[in-house]
Amino acid sequence: MPKAITRKSEDFDRWYTDTVRRAELADYAPVRGCMVIRPYGYALWERIQRALDDMIKRTGHENMYFPLLIPESYLQKEAQHVEGFAPEVAWVTHGGQRELEERLAIRPTSETIICSMFADWIHSYRDLPVLINQWCNIVRWERRTRLFLRTTEFLWQEGHTFHESRAEAVEEVERMLDCYRELAEEWLCIPVVPGRKTESEKFAGAEYTLSIEAMMSDGWALQAGTSHQLGQNFTRAYGISYSDRENALQHPFQTSWGLSTRIIGGLIMAHGDDSGLVMPPRVAPIQVVVVPVTRSNDAEGAAAVEAACARLEAGAGEVRLRVDRREGIRPGEKYAHWELRGVPLRVTVGARDLAAGAVTLTRRVDGESWTEPLEGVAGRLPALLEEAHTRTWARAETMLRERTVEVSSLEELGQTFAGEPVFANAPFCERPGCEEAVKAAAHALSVRVLRRDRSGERGRCLACGEASSEVALIARAY
RNA sequence: CGGGAAGUAGCUCAGCCAGGUUAGAGUGCACGGUUCGGGACCGUGAGGUCGCGAGUUCGAAUCUCGCCUUCCCGACCA
(Lines give C-alpha, C1' and ligand atoms only; values in the text may rest on other atoms or scores of the structure.)
Protein backbone atom coordinates (compact mmCIF):
# COMPACT_ATOMS: atom_id res chain seq x y z
CA MET A 1 0.00 0.00 0.00
CA PRO A 2 1.23 3.50 -0.65
CA LYS A 3 2.40 5.13 2.53
CA ALA A 4 0.04 8.07 2.29
CA ILE A 5 -3.71 7.67 2.28
CA THR A 6 -5.68 8.93 -0.71
CA ARG A 7 -5.93 12.70 -0.53
CA LYS A 8 -9.26 14.02 0.61
CA SER A 9 -9.47 16.55 -2.18
CA GLU A 10 -8.68 13.89 -4.75
CA ASP A 11 -11.33 11.31 -3.89
CA PHE A 12 -13.33 11.85 -0.71
CA ASP A 13 -14.95 8.40 -0.65
CA ARG A 14 -11.65 6.61 -1.06
CA TRP A 15 -10.05 8.88 1.50
CA TYR A 16 -12.78 7.86 3.94
CA THR A 17 -12.37 4.13 3.41
CA ASP A 18 -8.57 4.38 3.46
CA THR A 19 -8.67 6.30 6.71
CA VAL A 20 -11.05 3.93 8.47
CA ARG A 21 -8.99 0.91 7.52
CA ARG A 22 -5.49 2.34 7.88
CA ALA A 23 -6.29 3.91 11.24
CA GLU A 24 -7.54 0.46 12.28
CA LEU A 25 -10.99 1.63 13.31
CA ALA A 26 -12.75 -1.12 11.36
CA ASP A 27 -12.47 -3.56 8.50
CA TYR A 28 -14.77 -5.49 6.22
CA ALA A 29 -16.19 -8.81 7.39
CA PRO A 30 -17.05 -11.71 5.04
CA VAL A 31 -20.79 -10.96 4.91
CA ARG A 32 -21.86 -8.09 2.71
CA GLY A 33 -22.14 -4.82 4.54
CA CYS A 34 -20.84 -6.19 7.82
CA MET A 35 -17.78 -4.83 9.53
CA VAL A 36 -15.43 -5.72 12.33
CA ILE A 37 -14.96 -2.83 14.72
CA ARG A 38 -11.33 -3.06 15.77
CA PRO A 39 -10.05 -2.16 19.24
CA TYR A 40 -9.23 1.46 18.41
CA GLY A 41 -12.63 1.98 16.83
CA TYR A 42 -14.40 0.18 19.64
CA ALA A 43 -12.56 2.23 22.26
CA LEU A 44 -13.89 5.32 20.50
CA TRP A 45 -17.41 3.88 20.54
CA GLU A 46 -17.06 3.11 24.25
CA ARG A 47 -16.14 6.75 24.92
CA ILE A 48 -19.16 7.94 22.96
CA GLN A 49 -21.33 5.38 24.70
CA ARG A 50 -20.19 6.46 28.11
CA ALA A 51 -20.85 10.14 27.44
CA LEU A 52 -24.30 9.46 26.01
CA ASP A 53 -25.20 6.83 28.59
CA ASP A 54 -24.46 9.36 31.33
CA MET A 55 -26.88 11.79 29.69
CA ILE A 56 -29.51 9.10 29.32
CA LYS A 57 -29.22 8.25 33.01
CA ARG A 58 -29.07 11.91 34.00
CA THR A 59 -32.41 12.47 32.27
CA GLY A 60 -33.98 9.67 34.29
CA HIS A 61 -33.83 6.66 31.99
CA GLU A 62 -32.86 3.10 32.90
CA ASN A 63 -31.14 0.55 30.71
CA MET A 64 -32.66 -2.84 29.98
CA TYR A 65 -32.38 -5.42 27.24
CA PHE A 66 -34.84 -6.92 24.78
CA PRO A 67 -34.14 -9.95 22.59
CA LEU A 68 -32.66 -9.88 19.11
CA LEU A 69 -35.38 -12.05 17.57
CA ILE A 70 -38.89 -10.76 17.03
CA PRO A 71 -41.83 -12.94 15.92
CA GLU A 72 -43.20 -11.90 12.55
CA SER A 73 -46.69 -11.43 13.99
CA TYR A 74 -45.37 -8.81 16.43
CA LEU A 75 -43.81 -6.82 13.66
CA GLN A 76 -47.01 -6.68 11.67
CA LYS A 77 -49.34 -4.90 14.03
CA GLU A 78 -48.48 -1.33 13.07
CA ALA A 79 -49.18 -1.03 9.35
CA GLN A 80 -46.96 1.91 8.40
CA HIS A 81 -44.13 0.53 10.45
CA VAL A 82 -44.19 -2.88 8.72
CA GLU A 83 -44.38 -1.24 5.35
CA GLY A 84 -41.48 1.05 6.17
CA PHE A 85 -39.18 -1.73 7.26
CA ALA A 86 -40.31 -4.61 5.05
CA PRO A 87 -37.55 -4.21 2.45
CA GLU A 88 -34.73 -4.38 4.96
CA VAL A 89 -35.70 -6.97 7.56
CA ALA A 90 -33.55 -10.10 7.83
CA TRP A 91 -35.42 -13.28 8.75
CA VAL A 92 -34.57 -16.40 10.70
CA THR A 93 -36.48 -19.28 9.11
CA HIS A 94 -34.79 -22.34 10.59
CA GLY A 95 -33.80 -23.56 14.01
CA GLY A 96 -31.19 -26.19 13.36
CA GLN A 97 -32.64 -28.41 10.61
CA ARG A 98 -36.26 -27.60 11.35
CA GLU A 99 -38.18 -24.89 9.62
CA LEU A 100 -39.87 -22.57 12.09
CA GLU A 101 -43.64 -22.32 12.18
CA GLU A 102 -43.31 -18.55 12.42
CA ARG A 103 -40.43 -16.60 10.94
CA LEU A 104 -38.38 -14.51 13.35
CA ALA A 105 -37.20 -11.06 12.40
CA ILE A 106 -33.76 -9.93 13.44
CA ARG A 107 -34.64 -6.58 14.99
CA PRO A 108 -34.46 -3.62 12.63
CA THR A 109 -35.53 -1.60 15.72
CA SER A 110 -37.40 -2.72 18.82
CA GLU A 111 -40.66 -0.74 19.04
CA THR A 112 -42.75 -3.82 18.33
CA ILE A 113 -41.27 -6.19 20.90
CA ILE A 114 -41.08 -3.43 23.48
CA CYS A 115 -44.74 -2.49 23.00
CA SER A 116 -45.78 -6.12 23.15
CA MET A 117 -44.03 -6.55 26.49
CA PHE A 118 -45.12 -3.26 28.02
CA ALA A 119 -48.72 -4.06 27.12
CA ASP A 120 -48.46 -6.55 30.00
CA TRP A 121 -46.66 -4.20 32.35
CA ILE A 122 -48.55 -0.93 32.03
CA HIS A 123 -51.94 -0.87 33.79
CA SER A 124 -52.20 2.40 35.67
CA TYR A 125 -51.19 6.03 35.35
CA ARG A 126 -48.99 5.14 38.32
CA ASP A 127 -46.93 2.96 35.95
CA LEU A 128 -46.10 6.01 33.84
CA PRO A 129 -43.89 7.44 32.67
CA VAL A 130 -41.81 4.51 31.47
CA LEU A 131 -38.32 5.72 30.60
CA ILE A 132 -36.06 2.99 29.26
CA ASN A 133 -33.13 2.56 26.94
CA GLN A 134 -31.16 -0.30 25.48
CA TRP A 135 -27.74 -0.60 23.92
CA CYS A 136 -27.79 -3.28 21.26
CA ASN A 137 -27.07 -4.35 17.71
CA ILE A 138 -29.48 -3.89 14.82
CA VAL A 139 -29.70 -5.53 11.41
CA ARG A 140 -31.07 -3.78 8.34
CA TRP A 141 -30.53 -5.33 4.94
CA GLU A 142 -29.24 -2.24 3.19
CA ARG A 143 -28.62 -2.18 -0.52
CA ARG A 144 -25.57 -0.06 -0.38
CA THR A 145 -23.25 -0.06 2.56
CA ARG A 146 -20.27 1.92 3.80
CA LEU A 147 -18.13 1.36 6.88
CA PHE A 148 -19.82 2.96 9.91
CA LEU A 149 -22.17 5.10 7.80
CA ARG A 150 -24.48 2.37 6.66
CA THR A 151 -23.71 -1.20 7.61
CA THR A 152 -25.96 -4.24 7.59
CA GLU A 153 -25.39 -4.70 11.30
CA PHE A 154 -24.72 -1.70 13.51
CA LEU A 155 -24.60 -0.79 17.17
CA TRP A 156 -26.81 1.84 18.73
CA GLN A 157 -28.89 2.80 21.68
CA GLU A 158 -32.63 2.99 21.36
CA GLY A 159 -34.60 4.82 23.99
CA HIS A 160 -38.30 4.08 24.43
CA THR A 161 -40.68 5.98 26.63
CA PHE A 162 -44.39 5.95 27.47
CA HIS A 163 -46.21 8.98 28.86
CA GLU A 164 -49.62 10.06 30.08
CA SER A 165 -49.89 13.07 27.78
CA ARG A 166 -48.84 14.17 24.34
CA ALA A 167 -47.26 17.21 25.95
CA GLU A 168 -44.93 14.99 27.97
CA ALA A 169 -43.99 12.99 24.89
CA VAL A 170 -43.34 16.20 22.95
CA GLU A 171 -41.09 17.39 25.76
CA GLU A 172 -39.28 14.05 25.85
CA VAL A 173 -38.37 13.98 22.14
CA GLU A 174 -37.01 17.52 22.43
CA ARG A 175 -35.04 16.67 25.55
CA MET A 176 -33.40 13.63 23.97
CA LEU A 177 -32.69 15.41 20.70
CA ASP A 178 -30.92 17.99 22.80
CA CYS A 179 -28.83 15.24 24.40
CA TYR A 180 -27.77 14.22 20.90
CA ARG A 181 -26.96 17.82 20.08
CA GLU A 182 -24.91 18.02 23.28
CA LEU A 183 -23.07 14.81 22.46
CA ALA A 184 -22.28 15.97 18.92
CA GLU A 185 -21.27 19.48 19.86
CA GLU A 186 -19.71 19.22 23.31
CA TRP A 187 -18.06 15.85 22.95
CA LEU A 188 -17.46 15.32 19.25
CA CYS A 189 -16.94 18.96 18.21
CA ILE A 190 -19.51 18.57 15.45
CA PRO A 191 -21.90 21.51 15.10
CA VAL A 192 -25.38 20.30 14.17
CA VAL A 193 -28.65 21.67 12.91
CA PRO A 194 -31.61 20.32 14.92
CA GLY A 195 -34.98 20.19 13.25
CA ARG A 196 -38.03 18.24 12.22
CA LYS A 197 -38.15 15.80 9.33
CA THR A 198 -40.69 16.22 6.56
CA GLU A 199 -43.55 13.70 6.29
CA SER A 200 -41.73 11.75 3.60
CA GLU A 201 -38.53 11.49 5.63
CA LYS A 202 -39.97 10.67 9.03
CA PHE A 203 -39.74 7.30 10.81
CA ALA A 204 -42.36 4.79 9.66
CA GLY A 205 -45.09 4.92 12.29
CA ALA A 206 -44.12 8.20 13.94
CA GLU A 207 -46.27 11.31 14.26
CA TYR A 208 -43.12 13.25 13.57
CA THR A 209 -39.37 12.77 13.68
CA LEU A 210 -36.69 15.16 14.91
CA SER A 211 -33.07 14.86 13.92
CA ILE A 212 -29.73 16.56 14.12
CA GLU A 213 -27.96 17.14 10.82
CA ALA A 214 -24.20 17.54 10.69
CA MET A 215 -22.05 18.89 7.89
CA MET A 216 -19.27 16.69 6.63
CA SER A 217 -16.14 18.33 5.24
CA ASP A 218 -17.27 17.62 1.68
CA GLY A 219 -20.37 19.71 2.36
CA TRP A 220 -22.75 16.73 2.50
CA ALA A 221 -25.19 16.32 5.37
CA LEU A 222 -25.27 13.42 7.79
CA GLN A 223 -28.29 12.60 9.92
CA ALA A 224 -26.55 11.90 13.20
CA GLY A 225 -29.34 11.16 15.67
CA THR A 226 -33.12 10.88 15.57
CA SER A 227 -35.93 11.30 18.05
CA HIS A 228 -39.49 10.21 17.25
CA GLN A 229 -42.78 11.30 18.73
CA LEU A 230 -44.90 8.22 18.12
CA GLY A 231 -48.16 9.56 19.54
CA GLN A 232 -50.50 6.67 20.23
CA ASN A 233 -49.85 4.90 16.94
CA PHE A 234 -48.07 1.94 18.46
CA THR A 235 -49.76 1.89 21.84
CA ARG A 236 -53.14 1.56 20.08
CA ALA A 237 -51.90 -1.07 17.67
CA TYR A 238 -50.27 -3.10 20.44
CA GLY A 239 -53.09 -2.67 22.91
CA ILE A 240 -51.23 -0.79 25.62
CA SER A 241 -53.79 0.82 27.86
CA TYR A 242 -54.00 2.08 31.40
CA SER A 243 -56.55 3.54 33.79
CA ASP A 244 -56.01 7.26 34.19
CA ARG A 245 -56.65 9.39 37.24
CA GLU A 246 -60.38 9.45 36.43
CA ASN A 247 -60.43 5.66 35.95
CA ALA A 248 -60.89 6.02 32.19
CA LEU A 249 -58.97 3.67 29.89
CA GLN A 250 -56.26 5.47 27.90
CA HIS A 251 -53.44 4.66 25.48
CA PRO A 252 -50.13 6.15 26.52
CA PHE A 253 -48.12 8.46 24.31
CA GLN A 254 -44.81 7.09 23.21
CA THR A 255 -41.40 8.21 22.00
CA SER A 256 -38.29 6.51 20.69
CA TRP A 257 -34.87 7.89 19.90
CA GLY A 258 -31.63 6.43 18.63
CA LEU A 259 -28.02 7.19 17.93
CA SER A 260 -25.72 4.67 16.26
CA THR A 261 -22.14 3.85 15.33
CA ARG A 262 -22.91 5.96 12.28
CA ILE A 263 -21.86 8.97 14.36
CA ILE A 264 -18.30 7.63 14.13
CA GLY A 265 -18.49 8.04 10.36
CA GLY A 266 -19.63 11.58 11.03
CA LEU A 267 -16.73 12.26 13.34
CA ILE A 268 -14.27 10.99 10.73
CA MET A 269 -15.76 13.02 7.88
CA ALA A 270 -16.27 16.17 9.92
CA HIS A 271 -12.70 16.48 11.19
CA GLY A 272 -10.35 14.23 9.23
CA ASP A 273 -7.69 15.54 6.85
CA ASP A 274 -5.06 14.30 4.41
CA SER A 275 -3.00 12.86 7.27
CA GLY A 276 -5.93 10.83 8.60
CA LEU A 277 -8.23 11.12 11.58
CA VAL A 278 -8.56 14.08 13.89
CA MET A 279 -9.98 12.88 17.19
CA PRO A 280 -11.99 15.28 19.33
CA PRO A 281 -10.05 15.24 22.63
CA ARG A 282 -12.95 14.37 24.94
CA VAL A 283 -13.61 11.04 23.22
CA ALA A 284 -10.13 10.29 21.88
CA PRO A 285 -9.11 6.81 23.05
CA ILE A 286 -5.57 8.14 23.30
CA GLN A 287 -5.39 11.85 24.06
CA VAL A 288 -1.66 12.35 24.23
CA VAL A 289 1.09 10.34 22.62
CA VAL A 290 4.66 10.69 23.78
CA VAL A 291 7.35 9.96 21.21
CA PRO A 292 10.82 9.46 22.66
CA VAL A 293 13.68 10.39 20.35
CA THR A 294 16.92 8.63 21.18
CA ARG A 295 20.12 7.38 19.58
CA SER A 296 21.26 3.85 20.25
CA ASN A 297 24.86 5.08 20.64
CA ASP A 298 23.87 7.58 23.33
CA ALA A 299 22.93 5.54 26.38
CA GLU A 300 23.08 8.54 28.69
CA GLY A 301 20.74 10.58 26.50
CA ALA A 302 18.39 7.61 26.16
CA ALA A 303 18.20 7.27 29.93
CA ALA A 304 17.34 10.94 30.31
CA VAL A 305 14.65 10.66 27.63
CA GLU A 306 13.17 7.58 29.28
CA ALA A 307 13.17 9.32 32.65
CA ALA A 308 11.27 12.24 31.16
CA CYS A 309 8.76 9.89 29.51
CA ALA A 310 8.20 8.06 32.77
CA ARG A 311 7.65 11.38 34.49
CA LEU A 312 5.02 12.38 31.93
CA GLU A 313 3.33 9.02 32.36
CA ALA A 314 3.29 9.36 36.12
CA GLY A 315 1.97 12.90 35.99
CA ALA A 316 -0.76 12.27 33.42
CA GLY A 317 -3.47 11.54 35.96
CA GLU A 318 -6.83 11.21 34.17
CA VAL A 319 -5.32 12.11 30.81
CA ARG A 320 -5.21 9.12 28.46
CA LEU A 321 -1.51 9.21 27.60
CA ARG A 322 0.61 6.64 25.84
CA VAL A 323 4.35 6.52 25.43
CA ASP A 324 5.34 4.99 22.09
CA ARG A 325 8.35 2.94 23.17
CA ARG A 326 8.46 0.75 20.08
CA GLU A 327 12.05 0.14 19.09
CA GLY A 328 13.51 0.19 15.62
CA ILE A 329 10.97 2.68 14.34
CA ARG A 330 12.19 6.17 13.64
CA PRO A 331 10.37 9.14 15.10
CA GLY A 332 9.03 10.33 11.76
CA GLU A 333 7.18 7.10 11.25
CA LYS A 334 5.71 7.31 14.73
CA TYR A 335 4.50 10.84 14.04
CA ALA A 336 2.74 9.64 10.90
CA HIS A 337 1.35 6.62 12.73
CA TRP A 338 -0.33 8.66 15.45
CA GLU A 339 -1.42 11.43 13.13
CA LEU A 340 -3.26 8.84 11.06
CA ARG A 341 -5.03 7.81 14.26
CA GLY A 342 -5.85 11.39 15.08
CA VAL A 343 -4.28 11.64 18.55
CA PRO A 344 -4.96 15.26 19.60
CA LEU A 345 -1.59 16.04 21.17
CA ARG A 346 1.91 14.74 20.64
CA VAL A 347 4.78 15.29 23.01
CA THR A 348 8.19 14.77 21.46
CA VAL A 349 10.85 14.05 24.04
CA GLY A 350 14.40 14.24 22.72
CA ALA A 351 17.86 14.91 24.05
CA ARG A 352 18.09 18.22 22.16
CA ASP A 353 15.10 19.82 23.90
CA LEU A 354 15.77 18.01 27.12
CA ALA A 355 19.18 19.69 27.38
CA ALA A 356 17.19 22.91 27.83
CA GLY A 357 14.68 21.16 30.10
CA ALA A 358 12.01 21.29 27.41
CA VAL A 359 9.78 19.07 25.28
CA THR A 360 8.06 19.76 21.96
CA LEU A 361 4.28 19.66 21.67
CA THR A 362 2.33 19.33 18.46
CA ARG A 363 -1.40 19.79 18.11
CA ARG A 364 -3.05 17.43 15.63
CA VAL A 365 -5.95 19.60 14.51
CA ASP A 366 -3.86 22.46 13.11
CA GLY A 367 -0.35 20.99 13.15
CA GLU A 368 0.89 23.76 15.39
CA SER A 369 4.11 22.97 17.25
CA TRP A 370 5.85 24.64 20.20
CA THR A 371 8.13 23.86 23.12
CA GLU A 372 7.29 23.84 26.81
CA PRO A 373 9.36 23.24 29.93
CA LEU A 374 9.20 19.57 30.95
CA GLU A 375 8.56 20.82 34.44
CA GLY A 376 4.81 21.12 34.85
CA VAL A 377 3.86 20.04 31.34
CA ALA A 378 2.03 16.93 32.56
CA GLY A 379 -0.18 19.09 34.72
CA ARG A 380 -0.94 21.37 31.79
CA LEU A 381 -2.15 18.57 29.55
CA PRO A 382 -5.85 18.93 30.49
CA ALA A 383 -5.76 22.62 29.59
CA LEU A 384 -3.91 21.89 26.35
CA LEU A 385 -6.48 19.24 25.45
CA GLU A 386 -9.23 21.75 26.14
CA GLU A 387 -7.56 24.16 23.76
CA ALA A 388 -7.34 21.40 21.14
CA HIS A 389 -11.04 20.77 21.72
CA THR A 390 -11.85 24.45 21.23
CA ARG A 391 -9.87 24.63 18.02
CA THR A 392 -11.39 21.44 16.65
CA TRP A 393 -14.82 22.84 17.37
CA ALA A 394 -13.97 26.25 15.93
CA ARG A 395 -12.72 24.76 12.69
CA ALA A 396 -15.87 22.68 12.19
CA GLU A 397 -18.12 25.55 13.20
CA THR A 398 -16.41 27.92 10.78
CA MET A 399 -16.83 25.43 7.97
CA LEU A 400 -20.55 25.07 8.68
CA ARG A 401 -21.04 28.83 8.86
CA GLU A 402 -19.06 29.56 5.71
CA ARG A 403 -20.82 26.89 3.74
CA THR A 404 -24.37 27.75 4.68
CA VAL A 405 -26.34 29.95 2.31
CA GLU A 406 -29.82 31.45 2.11
CA VAL A 407 -31.83 30.86 -1.02
CA SER A 408 -35.31 32.02 -1.95
CA SER A 409 -36.16 30.26 -5.20
CA LEU A 410 -35.71 26.91 -6.90
CA GLU A 411 -33.61 28.59 -9.56
CA GLU A 412 -31.28 29.99 -6.94
CA LEU A 413 -31.15 26.59 -5.28
CA GLY A 414 -30.18 24.90 -8.54
CA GLN A 415 -27.47 27.46 -9.23
CA THR A 416 -26.09 27.08 -5.72
CA PHE A 417 -25.71 23.33 -6.09
CA ALA A 418 -24.04 23.69 -9.45
CA GLY A 419 -20.97 24.45 -7.32
CA GLU A 420 -19.61 22.81 -4.17
CA PRO A 421 -22.30 21.29 -1.92
CA VAL A 422 -23.51 23.51 0.90
CA PHE A 423 -26.29 23.75 3.44
CA ALA A 424 -29.03 25.87 1.88
CA ASN A 425 -31.74 27.48 4.00
CA ALA A 426 -34.99 28.41 2.36
CA PRO A 427 -38.57 29.25 3.31
CA PHE A 428 -40.61 26.12 2.79
CA CYS A 429 -44.33 25.32 2.94
CA GLU A 430 -44.01 21.54 3.51
CA ARG A 431 -46.29 20.53 0.64
CA PRO A 432 -45.15 17.21 -0.88
CA GLY A 433 -45.18 18.72 -4.36
CA CYS A 434 -42.80 21.43 -3.26
CA GLU A 435 -40.52 18.87 -1.63
CA GLU A 436 -40.40 16.99 -4.94
CA ALA A 437 -39.54 20.21 -6.72
CA VAL A 438 -36.69 20.83 -4.29
CA LYS A 439 -35.32 17.35 -4.85
CA ALA A 440 -35.44 17.89 -8.60
CA ALA A 441 -33.63 21.24 -8.45
CA ALA A 442 -30.21 19.58 -8.40
CA HIS A 443 -28.70 16.11 -8.20
CA ALA A 444 -29.18 14.18 -4.91
CA LEU A 445 -30.82 17.07 -3.09
CA SER A 446 -33.29 16.67 -0.26
CA VAL A 447 -34.95 18.57 2.53
CA ARG A 448 -32.98 17.48 5.57
CA VAL A 449 -35.01 19.18 8.28
CA LEU A 450 -37.22 22.12 9.03
CA ARG A 451 -34.87 24.08 11.24
CA ARG A 452 -35.95 24.18 14.84
CA ASP A 453 -34.08 27.45 15.44
CA ARG A 454 -36.07 29.20 12.71
CA SER A 455 -39.50 27.67 13.12
CA GLY A 456 -42.25 30.26 12.79
CA GLU A 457 -40.22 32.49 10.50
CA ARG A 458 -42.60 34.08 7.99
CA GLY A 459 -41.66 33.80 4.34
CA ARG A 460 -42.66 32.64 0.88
CA CYS A 461 -41.99 29.02 -0.06
CA LEU A 462 -39.05 28.76 -2.40
CA ALA A 463 -40.99 26.38 -4.65
CA CYS A 464 -44.58 27.65 -4.82
CA GLY A 465 -44.25 31.17 -3.47
CA GLU A 466 -47.09 30.77 -1.00
CA ALA A 467 -46.88 31.80 2.62
CA SER A 468 -44.58 29.62 4.74
CA SER A 469 -43.63 29.54 8.39
CA GLU A 470 -40.75 27.07 8.31
CA VAL A 471 -37.20 27.27 7.03
CA ALA A 472 -35.92 24.11 5.34
CA LEU A 473 -32.35 22.96 5.47
CA ILE A 474 -31.67 21.61 2.00
CA ALA A 475 -28.55 19.59 1.27
CA ARG A 476 -27.07 16.51 -0.27
CA ALA A 477 -27.13 13.77 2.32
CA TYR A 478 -25.34 10.51 3.09
C1' C B 1 -32.59 -4.19 -6.56
C1' G B 2 -30.98 -2.36 -11.88
C1' G B 3 -26.25 -0.68 -14.86
C1' G B 4 -20.81 -0.80 -14.90
C1' A B 5 -15.81 -2.28 -12.92
C1' A B 6 -12.84 -5.35 -9.93
C1' G B 7 -11.09 -9.77 -6.76
C1' U B 8 -3.50 -12.88 -7.58
C1' A B 9 1.25 -12.41 -0.51
C1' G B 10 -1.24 -8.19 5.20
C1' C B 11 -1.78 -3.84 1.44
C1' U B 12 -1.26 -1.69 -3.83
C1' C B 13 -0.83 -4.16 -8.21
C1' A B 14 1.76 -6.91 -12.75
C1' G B 15 0.95 -11.65 -15.21
C1' C B 16 -4.67 -13.27 -18.22
C1' C B 17 -5.99 -10.93 -24.48
C1' A B 18 -2.72 -15.35 -27.80
C1' G B 19 -3.59 -21.86 -21.49
C1' G B 20 2.42 -24.94 -20.79
C1' U B 21 8.84 -25.33 -15.80
C1' U B 22 9.02 -23.83 -9.27
C1' A B 23 3.28 -17.36 -10.00
C1' G B 24 6.18 -12.04 -9.68
C1' A B 25 7.16 -6.68 -8.07
C1' G B 26 6.72 -2.68 -4.60
C1' U B 27 5.36 -1.99 0.20
C1' G B 28 4.42 -4.32 4.81
C1' C B 29 6.05 -8.43 8.31
C1' A B 30 10.37 -11.31 11.17
C1' C B 31 15.65 -11.42 12.36
C1' G B 32 20.76 -9.08 12.24
C1' G B 33 23.48 -4.63 11.49
C1' U B 34 24.07 0.62 10.40
C1' U B 35 20.68 4.57 11.56
C1' C B 36 17.50 7.79 14.61
C1' G B 37 14.22 15.70 15.69
C1' G B 38 9.04 14.01 9.74
C1' G B 39 7.04 7.68 6.84
C1' A B 40 15.73 5.43 6.62
C1' C B 41 19.38 1.93 4.43
C1' C B 42 21.91 -2.91 3.70
C1' G B 43 21.55 -8.16 4.27
C1' U B 44 18.75 -12.63 5.32
C1' G B 45 14.02 -14.88 5.77
C1' A B 46 8.84 -16.12 6.24
C1' G B 47 4.42 -15.40 3.78
C1' G B 48 -0.09 -17.66 -1.94
C1' U B 49 -6.36 -23.26 -1.73
C1' C B 50 -4.43 -16.96 -7.83
C1' G B 51 -12.44 -14.96 -4.13
C1' C B 52 -15.56 -19.82 -4.02
C1' G B 53 -17.66 -23.90 -6.97
C1' A B 54 -18.41 -26.41 -11.40
C1' G B 55 -16.99 -27.09 -16.58
C1' U B 56 -13.65 -27.21 -21.17
C1' U B 57 -8.54 -29.23 -21.76
C1' C B 58 -3.20 -33.86 -21.69
C1' G B 59 -2.60 -29.23 -18.79
C1' A B 60 -6.35 -23.37 -16.11
C1' A B 61 -4.30 -17.47 -12.29
C1' U B 62 -5.23 -17.37 -17.76
C1' C B 63 -11.06 -19.88 -21.48
C1' U B 64 -16.75 -20.82 -20.15
C1' C B 65 -20.84 -20.83 -16.55
C1' G B 66 -22.81 -20.06 -11.60
C1' C B 67 -22.20 -17.92 -6.83
C1' C B 68 -19.84 -14.58 -3.08
C1' U B 69 -17.51 -9.96 -1.81
C1' U B 70 -15.80 -4.94 -2.78
C1' C B 71 -15.90 -0.26 -5.54
C1' C B 72 -18.54 3.34 -8.86
C1' C B 73 -23.49 5.16 -10.93
C1' G B 74 -28.90 5.01 -10.08
C1' A B 75 -33.66 3.58 -7.01
C1' C B 76 -34.19 2.67 -1.18
C1' C B 77 -32.51 3.85 3.72
C1' A B 78 -29.91 5.69 10.10
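Below, chain A is the first sequence line, B the second, and so on; all start at residue 1. Atom set for the values below is all heavy atoms of this structure, side chains included, hydrogens, waters and symmetry mates excluded.
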For the C1' atoms, the ones on B:A23 and on B:U49, what distance do you get once it is rounded to whole angstrom?
14 Å
Could you tell me how far B:G48 sits from B:G24 if I compare only their C1' atoms? Round to whole Å.
11 Å
Tell me what [X] touches on the nucleic acid: a base, only sugar-phosphate, or nothing, going by heavy atoms under 4.0 Å.
X: A:T360; result: base
X: A:A224; result: nothing
X: A:G301; result: nothing

Does A:R346 make a cation-pi contact with A:Y335, if we ask for NZ or CZ under 6.0 Å from the ring centre and within 45° of the axis?
yes
In terms of the nearest nucleotide of RNA chain B, which residue is placed more toward the 5' end: A:L149 or A:R32?
A:R32
Is it the case that the base of B:G38 and the side chain of A:R346 share a donor-acceptor contact (distance under 3.5 Å, atom types as modelled)?
yes
Is it the case that B:G38 (base atoms only) and A:E339 (side chain only) share a donor and an acceptor within less than 3.5 Å, ignoring hydrogens and angles?
yes
Without hydrogens or angle criteria, can the side chains of [X] and [Y] be said to hold a donor-acceptor pair below 3.5 Å?
X: A:S446; Y: A:E201; value: no
X: A:Q229; Y: A:T255; value: no
X: A:Q254; Y: A:S256; value: no

A:R146 CZ - B:C71 C1' separation (whole Å):
10 Å
Taking CG from A:D11 and P from B:C72, how many angstroms apart are they, rounded to a whole number?
8 Å
Those residues at least two apart in sequence (or on a different chain) that pass side-chain hydrogen bond (donor to acceptor under 3.5 Å, both in side chains) with A:E387 are A:R363, A:R391
Strictly under 3.5 Å: I want the nitrogen or oxygen pairs between protein and nucleotides 32-36 of chain B, one per line.
{"from": "B:C36", "atom 1": "OP2", "to": "A:R295", "atom 2": "NH1", "distance (Å)": "3.0"}
{"from": "B:C36", "atom 1": "O2'", "to": "A:T294", "atom 2": "O", "distance (Å)": "3.4"}
{"from": "B:C36", "atom 1": "N4", "to": "A:S296", "atom 2": "N", "distance (Å)": "2.3"}
{"from": "B:C36", "atom 1": "N4", "to": "A:S296", "atom 2": "OG", "distance (Å)": "2.2"}

Polar pairs (N or O, both sides) under 3.5 Å between protein and nucleotides 73-77 of chain B?
{"from": "B:C73", "atom 1": "OP2", "to": "A:R144", "atom 2": "NH2", "distance (Å)": "2.5"}
{"from": "B:G74", "atom 1": "OP1", "to": "A:H443", "atom 2": "NE2", "distance (Å)": "2.2"}
{"from": "B:C77", "atom 1": "O2'", "to": "A:E142", "atom 2": "OE2", "distance (Å)": "3.1"}
{"from": "B:C77", "atom 1": "O2", "to": "A:R150", "atom 2": "NE", "distance (Å)": "2.2"}
{"from": "B:C77", "atom 1": "O2", "to": "A:R150", "atom 2": "NH2", "distance (Å)": "2.9"}
{"from": "B:C77", "atom 1": "N3", "to": "A:R150", "atom 2": "NE", "distance (Å)": "3.3"}
{"from": "B:C77", "atom 1": "N3", "to": "A:R150", "atom 2": "NH2", "distance (Å)": "2.6"}

Contacts of A:A90 that satisfy side-chain contact (heavy atoms from CB on, under 4.5 Å) - sequence neighbours left out
A:I106, A:V139, A:W141
Who pairs with A:A26 by side-chain contact (heavy atoms from CB on, under 4.5 Å), at least two apart in sequence or on another chain?
A:V20, A:M35, A:F148
Please list all pairs passing the ring pair (Phe, Tyr, Trp, His ring centres under 6.0 Å) test where one or both residues lie in residues 191-230 of chain A, with sequence neighbours left out.
A:H81-A:F203, A:F85-A:F203, A:F203-A:H228, A:W220-A:Y478
